[in-house]
Amino acid sequence: MSLKVHDNRRRQKVEFTTIEPGKVKMYVCGVTVYDLCHLGHARCYIAFDLIHRWLEKSGYQVQYIQNFTDIEDKIINRANETGIGWEKLVEDNIAAYYQDMDALNILRADEYPRCTEYVKEMIDIIQSLIDKGNAYVGNDGVYFHIESAPEKYGILTGQNIDAVRSGAGGRVEDTGSGKKDHKDFALWKSAKPGEPSWDSPWGEGRPGWHIECTAMSMSYLGEQFDLHGGGEDLRFPHHEAEIFQGECHTGCSPVVHHWLHNGFVNMDGEKMSKSLGNFWTIRDILEKIEPLVLRLALVNAHYRSPIDMNEQLLADATKNHQRIIETYRAALQSWNGHSEDTIIPAPNGDMASQIPMVKSIGLLEKMAEGFAIAMDDDFNSREAVAKVLASCREIGKILTSSTVLDDKDRATYGYEATLLLEEMAGEVLGLLPSREDTLTEPEEDPAISARKLEIADAVAELLVRRTTARAAKDWSAADAIRDELNEMGVVVTDTNDGPTWDLA
RNA sequence: GCACGGGUGACAGAGCGGCUAUGUGCGGGGCUGCAAACCCUGAAACCGGAGUUCAAAUCUCCGCCUGUGCUCCA
């Protein structure tokens with residue numbers, strides 16, 4: 001089986017290859033830490049978390065670098081507005097970033113370099129670009145000169161440099177910057193009074209927006225690496241600027257062997273933006289739903305497709321996630337009480353077999369195979385989720401039917417199902433809680449617990465009366481009691497072990 | 001305007017030359033007194049037009065609609 005990925009430079013699905021056999025060097029653009037992370041960030045880092053997980057699952061040794069942009073106009077502005085020092089602002093938002101991403105079960109990257117720690121490396125690259133004739137010193141900083149390498153223009157977005165040339169009338173707005181061409185972008189910005197700044201051959205200043213990723217990715221991963229990711233919006237100009245910088249500086253082409261970009265999150269059909277007021281931080285949404293449900297909602301689409309966030313999507317995700325958890329719990333319970341080493345090993349599966357156990361195991365293996373094919377196809381997590389849900393149905397069928405397997409086989413089957421779910425839904429998709437948490441009741445809101453305690457005696461008494469009525473087949477009396485409980489906000493569920501109840 | 005994506009059942013969303021996607025919702029049935037959960041089963045789709053092909057949701061062309069980028073943005 002081989003992995004295919006959609007490379008945005010070649011604009012097609014290509015065979016995934018690595019520079020060094022068995023090793024993947026990947027870099028994903030991180031956040032500018034001037035504020036809390038929003039849903040779009042969640043989508044991006046979950047998408048690349050999945051890619052990270054699947055590469056490792058496929059046997060690659062992955063080196064994953066993700067940066068923090070900790071100096072930038074927005075940080076300076078926010079620091080000025082709030083009166084918080086920019087260093088403190090940055091620290092707070094980085095701490096919040098880790099909290100949010102941990103909640104979403106995103107595995108940590110290997111390193112999270114901050115751009116202020118790489119100013120020296122950036123200066124070196126800028127100097128090299130000046131020496132090679134790709135950059136020049138203007139009045140307020142250093143600029144990359146696009147016309148020094150026009151063949152690299154529009155590589156990721158297919159823009160035609162001639163159109164851009166003629167479209168802008170070839171003129172440069174004179175802002176006194178000393179910029180030679182409107183396409184040129186800043187490598188180094190001279191400091192304005194009161195701004196944080198670093199010393200450089202071109203005076204006090206700070207890096208331009210694009211150079212940091214070139215400096216950090218090359219510091220960790222070398223002059224060429226395997227995979228570079230980020231949001232759709234970064235293709236132009238950010239990533240094209242990286243191509244200019246990296247390739248002109250190193251002379252290598254391509255520096256990045258696979259460019260991957262994730263699609264955006266829309267809100268009820270509209271672009272998510274602060275001005276539209278439809279902007280959710282991860283924290284906002286986690287007040288309403290479980291982190292793993294949000295994760296499922298975001299994994300339940302191909303990473304390159306846009307996602308339209310709405311109530312329906314979350315409702316679907318809630319149900320689907322619940323189904324996965326219920327199945328996982330049922331699988332765990334089916335062999336609960338056996339220790340793992342005493343479980344009889346499963347036979348080899350064969351879907352065509354007449355022996356129920358062999359056939360059932362064969363079906364599970366088929367699901368796992370479909371799952372792997374989906375993930376190998378440009379990380380098609382939507383299809384992978386479909387395989388998980390189909391497995392849940394399959395597992396539920398076997399486990400709830402008393403006739404298919406005897407008790408011993410049931411434990412073996414349940415154990416196999418457990419491992420399958422843990423591998424697909426857990427290890428790769430990151431959607432499962434721990435075994436302990438799955439088997440124990442979730443922690444409750446203290447207010448809810450208090451309410452339950454308050455009414456427990458009354459409910460218990462009503463349930464006894466209802467049980468008596470049911471035993472006497474007095475259904476109307478039994479249902480009347482259930483209605484009464486409903487009015488108290490209590491939902492009754494009858495099980496083989498008697499009725500249970502919970503708050504609605 | 002230029003560039004790059006999309007338009008699939010009620011909804012979400014895969015498939016991208018021949019094979020049931022999947023889930024929710026809806027219909028029928030089973031299990032249960034009835035519910036819930038779970039299981040079985042059914043209906044239901046490929047924007048419009050032309051073309052290529054033995055065969056098209058899937059390829060080509062035209063049209064219509066729509067998203068994003070071209071300025072800070074994951």
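Quick note on labels: first sequence line is chain A, next is B, and so on, each numbered from 1. As the structure is a computational prediction, the values presented were derived from the model and not from experiment.
Contact between the side-chain N/O atoms of A:Lys183 and the OP1/OP2 oxygens of B:C70 is not found at any separation under 4.0 Å. At B:C40, one or more side-chain N or O atoms of A:Arg393 fall inside 4.0 Å of OP1 or OP2 (strictly under the cut-off). Contact check, A:Arg323 against B:C39: a side-chain N or O comes under 4.0 Å of OP1 or OP2. For the pair A:Asn380 and B:G15, the criterion of a side-chain N or O lying under 4.0 Å from OP1 or OP2 is met. Dashed line: the shortest gap from a side-chain N or O of A:Lys397 to OP1 or OP2 of B:C38 is not under 4.0 Å.
Under 4.0 Å is where a charged nitrogen must lie from a carboxylate oxygen, and between A:Lys397 and A:Glu394 at least one such pair does.
The base of B:C34 sits with one of its N or O atoms less than 3.5 Å from a complementary donor or acceptor on the side chain of A:Asp494.
Each of A:Arg235 and A:Ala478 has a nearest nucleotide on RNA chain B; the 5'-most of these lies closest to A:Arg235.
A:Asp479 and A:Ser476 form no side-chain donor-acceptor contact under 3.5 Å, judged by distance and modelled atom types alone. With 3.5 Å as the limit, one finds a donor-acceptor pair spanning the side chains of A:Asn8 and A:Arg235. Side-chain N/O atoms of A:Asp376 and A:Trp54 include a donor and acceptor closer than 3.5 Å.
Pairing of B:C16, defined by two Watson-Crick or G-U wobble distances under 3.5 Å, is not identified with any nucleotide. Across the strands present, B:U68 finds its partner in B:A3; the criterion is a Watson-Crick or G-U wobble pair with both atom distances under 3.5 angstrom. The base-pairing partner of B:C59, taking Watson-Crick or G-U wobble contacts with both distances under 3.5 Å, is B:G51. B:C38 is paired with B:G30 under the Watson-Crick or G-U wobble criterion, all donor-acceptor distances under 3.5 Å.
In this structure, A:Gly40 reaches the bases: a heavy-atom distance under 4.0 Å links it to at least one base atom across the strands shown. Looking at heavy-atom distances under 4.0 Å, A:Val385 makes no contact with the nucleic acid at all. If you check every strand for non-hydrogen atoms under 4.0 Å, A:His302 touches sugar and phosphate atoms only. Backbone-only contact: A:Asn320 has heavy atoms under 4.0 Å from sugar-phosphate atoms and none from a base.
For residues 464-477 of chain A, proximity to RNA chain B is found at A:Arg466, A:Arg470, A:Trp475, defined as any non-hydrogen atom under 4.0 angstrom from a strand atom. Residues from residues 479-487 of chain A lying near RNA chain B, meaning a heavy-atom separation below 4.0 Å, are A:Asp479, A:Arg482 in numerical order.
Aromatic stacking of A:Phe264 on B:A74: satisfied, with centres closer than 5.5 Å and planes within an angle under 30 degrees.
In this structure, the nucleotide among B:U71, B:G23, B:U22 sitting nearest to the side chain of A:Trp209 is B:U71.
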